[in-house]
Protein chains: 2
Amino acid sequence: MSQLPEQPAEGPVPTSADVARLAGVSRATVSYVLNNNAAVRISDPTRRRVREAAAELGYVPHAAARSLRAGHSRMVLLPTGNFPSGQLHHRFLHELESGLRRLDYTVVQYGSLGLDADDAARAWAELRPAAVIVPGSVPLAPRGTAVLRRSGAKAVITLGPRPVAGAHALIMDQRKVGDCAVRHLLERGRRRIGVVMPEEPGLALFAEPRLAGARQAAAGTARIEPLPLRHDEESATALAARWRLLGLDAVFAYDDVYAMLLMRALQDTGITVPGETAVVGADDLMLGRLLRPRLSSVRMELDTVQSLADLVDRLVRHPGREPERHDLLSARAVHRESS
Amino acid sequence: MSQLPEQPAEGPVPTSADVARLAGVSRATVSYVLNNNAAVRISDPTRRRVREAAAELGYVPHAAARSLRAGHSRMVLLPTGNFPSGQLHHRFLHELESGLRRLDYTVVQYGSLGLDADDAARAWAELRPAAVIVPGSVPLAPRGTAVLRRSGAKAVITLGPRPVAGAHALIMDQRKVGDCAVRHLLERGRRRIGVVMPEEPGLALFAEPRLAGARQAAAGTARIEPLPLRHDEESATALAARWRLLGLDAVFAYDDVYAMLLMRALQDTGITVPGETAVVGADDLMLGRLLRPRLSSVRMELDTVQSLADLVDRLVRHPGREPERHDLLSARAVHRESS
DNA sequence: TTGAAAGCGTTACCAA
DNA sequence: TTGGTAACGCTTTCAA
């Protein structure tokens, strides 16, 4: 009765052979036409017939078969783990994706949370990507990079606070963030500086270098005091309760969220900000501007995201070079009212 | 001089034939052993020799070749667009991934931002996924689902506020959020309720149903007033400036972030919260608890995430059924101090 | 300008 | 218990 228009009825998937048959040509010709192969001249009527046949059948080429034949893929694999989830990260991801798409790569994310380093590397290698870009939050052992290289990956690139043996590295040197924050506090006359260290496990990778950067910037001129803190109110209240015993006049709070948490607890304890204690966060979140006092922060920028796609492309085309390192991160303090 | 230990030297990628040669057996035997094929009995010494050869060569099977041969893949494709980026979404994603991994599927995310609906569907179809789960933020036309079905996808599932023709639907009915917020405000005696509508384009998909839910809950008993707002301070300040002209005694602010933005602007204008105007957000962010007054919110939960993986599995195994619908979202108001 | 055929890495059937 | 072989869908010589 009612004819359902879009009921593909479980039919077999159309192949280039079906297109060839319908167009009355050979499979070779179909390939030539659909790939716009310039090395061979096909008559216009034939081209049209092939195109129409493909459209009529709803033919879509089979990427696996293609790359099997070609001997290589144009897939760039991006394992994901504990997403840092900031808008910085999203923008970065999106720009990397569109940059690589422009160069005709297919970017694919692969959720690798819960896999150990070796299993994960094997799973990635099964997909035979041309390149793998591994965020710092995803475990990668030197053995993993070896597996990937053997499986034909032209480039293994790590992305994060620190490099991994045998892989290229896009570094986001988090020390700069700590350095920047402390330098800012020093300029404003503070000399006894706490540095919040989140107790959440995934964050140590970022927190440690930030602390190192802070220490480096202080270098003799100021005291640096690490302050463990969990991402909840009790922890912040407890820290605020013993604040005066710590004898600090400033705190770099890892990021804006921890800063907001701590600043609120300090204020609730009767400690004035910035009078008694200056507070600086990082990420320059919009929400920080809504607090009173407005939160000072460290703003991070990633340089040259398009050139990053070009870098990946270069590594894929000329593999086997020495591992390269590039530092992408730049940081600057944004002074508001809390410091 | 210094012998680099992990320099795979651009050698050819080892195949099952190489493993067979090294182990002194046939390719078939290699396949039997490495896949633990129960239908055929292989002697233990042979098993060991094969395993050792594979390990020595660093052999990793080629997923594309395998699924080409098998005629189907176990890939679940998850296109990504404008990531909603809340922790709710991340947790959901991660649980879906591990649930599907447990069922031996490979979950792959494919960044589709900037592609139009038809191009995107074609790009997904090239990968020949067994199933595609399309978030509401990614465009999908009925034609797209047809292309995917023809390419062999057993299940096309949409994930978001509303269904798409021809596809199964995992619905997160955002009306519940608006309903819940307004019901809460009604209970607290408010009758003239503003509803913040973010002007950011991607959010309309969520904002509209929330407004609809709000209207539904108010149904005669209260006035509902949509309030366009951009995600910046000027916009909030402007809205606050004309607040008293609006004659509202409450506002449901779309989510906690917009709520914080607006609440701050209201307070800066001298409007008391909750005295003069009650404010309710959504998402129940931790940061909302740091404000004064603490922000009331609507907490959302996704039911049954593991069973969702099972659902995908069922649809893959028994395709071609009528499109199914499931509503995943539940919402409840969390009363704090701002309402 | 077009076609025939080989081969990419796998697995499943059938024979030995 | 093992091995030979064909086939999956595609591209690319080589030949016509």
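Just so you know, these numbers use all the heavy atoms, side chains as well, and skip hydrogens, waters and symmetry mates.
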inquiry  = Considering only residues two or more places apart or on different chains, which pairs with a residue in residues 18-39 of chain B satisfy salt bridge (charged side-chain N to carboxylate O under 4.0 Å, His left out)?
reply    = Asp18(B)-Arg21(B)
request  = Using the salt bridge (charged side-chain N to carboxylate O under 4.0 Å, His left out) rule, collect all pairs that involve residues 50-64 of chain B, keeping only residues at least two apart or in two chains.
outcome  = Arg48(B)-Glu52(B)
key: Under the side chain to side chain contact (heavy atoms under 4.5 Å, CB included) test, residues paired with Ala65(A) that sit two or more places apart   =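 Listed in chain order: His62(A), Leu68(B).
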task = Pull out every residue in residues 32-63 of chain A that has a heavy atom closer than 4.0 Å to any atom of DNA chain C, ordered by number, or say none.
result =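 Output list: Tyr32(A), Val40(A), Arg41(A), Ile42(A), Ser43(A), Thr46(A).
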message = Tell me which pairs pass side chain to side chain donor-acceptor pair (under 3.5 Å) where either residue lies in residues 68-79 of chain A, with sequence neighbours left out.
response =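 Residue pairs with at least one partner in residues 68-79 of chain A: there are none.
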message = Under 4.0 Å from OP1 or OP2 of dG3(C): is there any side-chain N or O of Thr29(A) that close?
response = yes
message = I'd like to check the salt bridge (Lys or Arg N to Asp or Glu O under 4.0 Å) partners of Glu126(A); sequence neighbours left out, ordered by chain and number.
response =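 Glu126(A) satisfies salt bridge (Lys or Arg N to Asp or Glu O under 4.0 Å) with no residue once adjacent residues are dropped.
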remark   = Applying salt bridge (Lys or Arg N to Asp or Glu O under 4.0 Å) to Arg162(A) and not counting sequence neighbours gives none
Expected rows: protein N/O vs nucleotides 5-8 of chain D N/O, under 3.5 Å:
{"residue": "dC8(D)", "atom": "O2", "partner": "Arg69(B)", "partner atom": "N", "Å": "3.2"}

request  = Could you check how far CZ of Arg21(A) sits from P of dC10(D), rounded to whole Å?
outcome  =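 In whole Å, dC10(D) P lies 12 Å from Arg21(A) CZ.
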inquiry  = What is the separation between atom CZ on Arg66(A) and atom C1' on dT11(D), rounded to the nearest whole Å?
reply    = 9 Å
Kindly write out the residues that satisfy side chain to side chain donor-acceptor pair (under 3.5 Å) with [X], not counting sequence neighbours, or none if the list is empty.
X	result
Arg41(B)	none
Ser67(A)	none
Ser31(B)	Asn35(B)

Note, Leu140(A) side chain near Val156(A) side chain (heavy atom, < 4.5 Å) = yes
Divergence of helical axes at both termini of the helix from dT1(C)-dA16(D) to dA16(C)-dT1(D) - five pairs an end, 10° steps =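 Taking the rotation axis at each end, their angle is 40°.
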